[in-house]
Amino acid sequence: MNKERNIAIVTGGSKGIGKSISLGLAKKNTDLIITYFRDKQNAVKTSNEINKLGAKCHIYKVDLSKLDQVEKFCEEIKATFKQINFLINNAATGINKNSLKLTSKHWDWVMNTNSKSPWILSKNLSEIMPENSSIINITSLGSQRVLSNYFSVGLSKSSLESMTRYLAIELGEKGIKVNSVSPGIIKTSALDSFPEDSDVNKSKLYETPAGKPLEGEDVSNLVNFLCSSDSNMIRGQNIIIDGGRSLTI
């Protein structure tokens, strides 16, 4: 009898780092559920690439800032799938302004998407996650370092890292591992919306002691490791992957 395939959810799994993670998991014989917000064309394209790797892919449109949509998505997943093995909370948004120019509406939108929705997803979907499952939260070095025009993202990612530690203890009783991954800066389209003089656009940030810029595939490899049984004793940790760049900032 063939072993039942693992199933992973990757929020924002059709573009940027999320796409790299999705493709990396597909190469490890894992079927995918990916969410997108606006760009259905890219979601379909990524789904087709996953299918070519021999994995199944299901796409869902979800606005993660709308908590009723997040709850509905959870109910649909629990009704459709017997179990989920990996939950990768990757999707993120941001208002690329400093704290003095941010509004309360901006705050709620970013915190709901980047921090509150991962909690709701983890709380609900852990109900159908078996022993040895993994939840991985994708955070950012901006949670620890002050970057210009990064206030809303930095705060939301700091909250996500704290959440990781609490969930690691609370869900550990069910045999679910919870960790977070904090990548250095990767040149993706997500950075196009930052003002030109923002720190993320400084070329020196892409230079690393490893001798090459960080790429999405590097993050994907780390996620695959954290999903594997080889990482069983890693719990509640935030793992920085940046080629050593943060050591020299």
Side-chain angles (χ1 to χ4, degrees), residues 7-22 25 30-48 50 56-96 102-129 133-140 152-164 166-167 170-171 176 178 180-181 188-190 193 223:
I7 301 178
I9 294 176
V10 183
T11 62
S14 64
K15 296 193 293 187
I17 294 173
K19 179 175 181 177
S20 296
I21 291 170
S22 297
L25 286 165
T30 297
D31 292 333
L32 273 299
I33 298 166
I34 61 176
T35 73
Y36 72 97
F37 177 26
R38 293 191 181 97
D39 192 349
K40 183 176 181 180
Q41 184 176 355
N42 244 318
V44 171
K45 181 181 176 183
T46 299
S47 178
N48 290 336
I50 289 169
K56 295 177 183 176
C57 184
H58 311 267
I59 60 175
Y60 288 81
K61 181 179 181 179
V62 186
D63 181 350
L64 294 172
S65 73
K66 303 284 178 59
L67 304 181
D68 58 334
Q69 290 192 31
V70 181
E71 295 276 7
K72 182 182 177 183
F73 170 70
C74 290
E75 292 307 313
E76 288 183 12
I77 294 300
K78 289 191 289 185
T80 306
F81 299 91
K82 187 169 72 174
Q83 67 178 38
I84 297 298
N85 303 93
F86 312 126
L87 169 61
I88 317 299
N89 288 310
N90 162 79
T93 190
I95 302 296
N96 307 319
L102 208 68
T103 67
S104 293
K105 186 176 180 180
H106 292 154
W107 172 287
D108 291 341
W109 183 48
V110 176
M111 292 299 287
N112 281 353
T113 302
N114 297 3
S115 183
K116 196 169 187 177
S117 68
W119 164 59
I120 293 173
L121 290 167
S122 300
K123 181 177 75 165
N124 283 278
L125 297 177
S126 63
E127 295 174 8
I128 58 168
M129 296 181 76
S133 297
S134 284
I135 296 174
I136 300 170
N137 298 316
I138 306 301
T139 70
S140 164
S152 63
V153 182
L155 261 65
S156 65
K157 293 299 190 178
S158 179
S159 170
L160 192 55
E161 289 175 12
S162 183
M163 184 193 309
T164 296
Y166 277 90
L167 290 178
E170 295 175 4
L171 295 180
I176 300 173
V178 186
S180 61
V181 170
T188 69
S189 59
S193 59
V223 167

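From a predicted model like this one, the values you see are computed outputs, not experimental measurements. Just so you know, these numbers use all the heavy atoms, side chains as well, and skip hydrogens, waters and symmetry mates. Numbering starts at 1 and runs along the sequence shown.
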| message | Going by the rule side-chain hydrogen bond (donor to acceptor under 3.5 Å, both in side chains), which residues pair with T103 if we only count those two or more places apart in sequence or in a different chain? | response |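 For T103, the residues satisfying side-chain hydrogen bond (donor to acceptor under 3.5 Å, both in side chains) (neighbours in sequence not counted) are H106.
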Exercise: identify the closest heavy-atom pair between [X] and [Y]:
| X | Y | result |
| --- | --- | --- |
| G94 | W109 | O-CZ3, 4.4 Å |
| K82 | I128 | O-CB, 3.9 Å |
| A92 | K157 | CB-NZ, 3.6 Å |
| G12 | A91 | N-CB, 3.6 Å |
| Y60 | E76 | CE2-OE1, 3.4 Å |
| S159 | M111 | CB-CE, 4.3 Å |

| Only one of L87, T30, L25 clears side chain to side chain contact (heavy atoms under 4.5 Å, CB included) with V10; which? |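 Looking at L87, T30, L25, the match for V10 under the side chain to side chain contact (heavy atoms under 4.5 Å, CB included) is L25.
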| message | Given L64, which partner from the list T113, T93, I120 fulfils the side chain to side chain contact (heavy atoms under 4.5 Å, CB included) test? | response |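 The side chain to side chain contact (heavy atoms under 4.5 Å, CB included) with L64 is passed solely by T113 among T113, T93, I120.
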Interatomic spacing from [atom1] in [X] to [atom2] in [Y] - rounded to 0.5 Å:
| X | Y | atom1 | atom2 | answer |
| --- | --- | --- | --- | --- |
| L171 | I176 | CG | CD1 | 5.0 Å |
| I34 | N90 | CD1 | CG | 11.0 Å |
| L155 | W107 | CG | CH2 | 5.0 Å |
| E75 | I77 | CD | CD1 | 10.5 Å |
| I95 | L102 | CD1 | CG | 7.0 Å |
| I33 | K56 | CD1 | NZ | 11.5 Å |

| Trace of the side chain to side chain contact (heavy atoms under 4.5 Å, CB included) decision for I136 with N89 | CA-CA 6 Å; I136 300 170; N89 288 310; over 6 Å; no
Is the closest side-chain donor-acceptor distance between [X] and [Y] under 3.5 Å?
| X | Y | result |
| --- | --- | --- |
| S156 | N114 | yes |
| N137 | T139 | no |
| S14 | T46 | no |
| S180 | E161 | no |

| Okay, side chain of Q83, backbone of M129: is any donor-acceptor separation there less than 3.5 Å? |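 No, Q83 side chain to M129 backbone: no donor-acceptor pair under 3.5 Å.
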What I'd like to find out is whether the side chain of [X] reaches to under 4.5 Å of the side chain of [Y], using heavy atoms alone.
| X | Y | value |
| --- | --- | --- |
| D31 | I50 | no |
| I84 | S133 | no |
| W119 | S115 | no |

| task | Any chance you could lay out the side chain to side chain contact (heavy atoms under 4.5 Å, CB included) test for V223 and F86, step after step, and finish with the verdict? | result | CA-CA 10 Å; V223 167; F86 312 126; over 6 Å; no
| task | Please lay out, stage by stage, how H58 and T80 fare under the test side chain to side chain contact (heavy atoms under 4.5 Å, CB included). | result | CA-CA 11 Å; H58 311 267; T80 306; over 6 Å; no
| said: Between L121 and F73, does the side chain to side chain contact (heavy atoms under 4.5 Å, CB included) criterion hold? Intermediate values first, please. | reply: CA-CA 9 Å; L121 290 167; F73 170 70; 3.7 Å; yes
| task | Sequence neighbours left out, what passes side-chain contact (heavy atoms from CB on, under 4.5 Å) with S47? Give chain and number order. | result |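 Only N51, C57, I59 meet the side-chain contact (heavy atoms from CB on, under 4.5 Å) criterion with S47.
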| query | What pairs meet the salt bridge (Lys or Arg N to Asp or Glu O under 4.0 Å) rule with one or both residues in residues 108-128, with sequence neighbours excluded? | reply |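 For residues 108-128: K78-E127.
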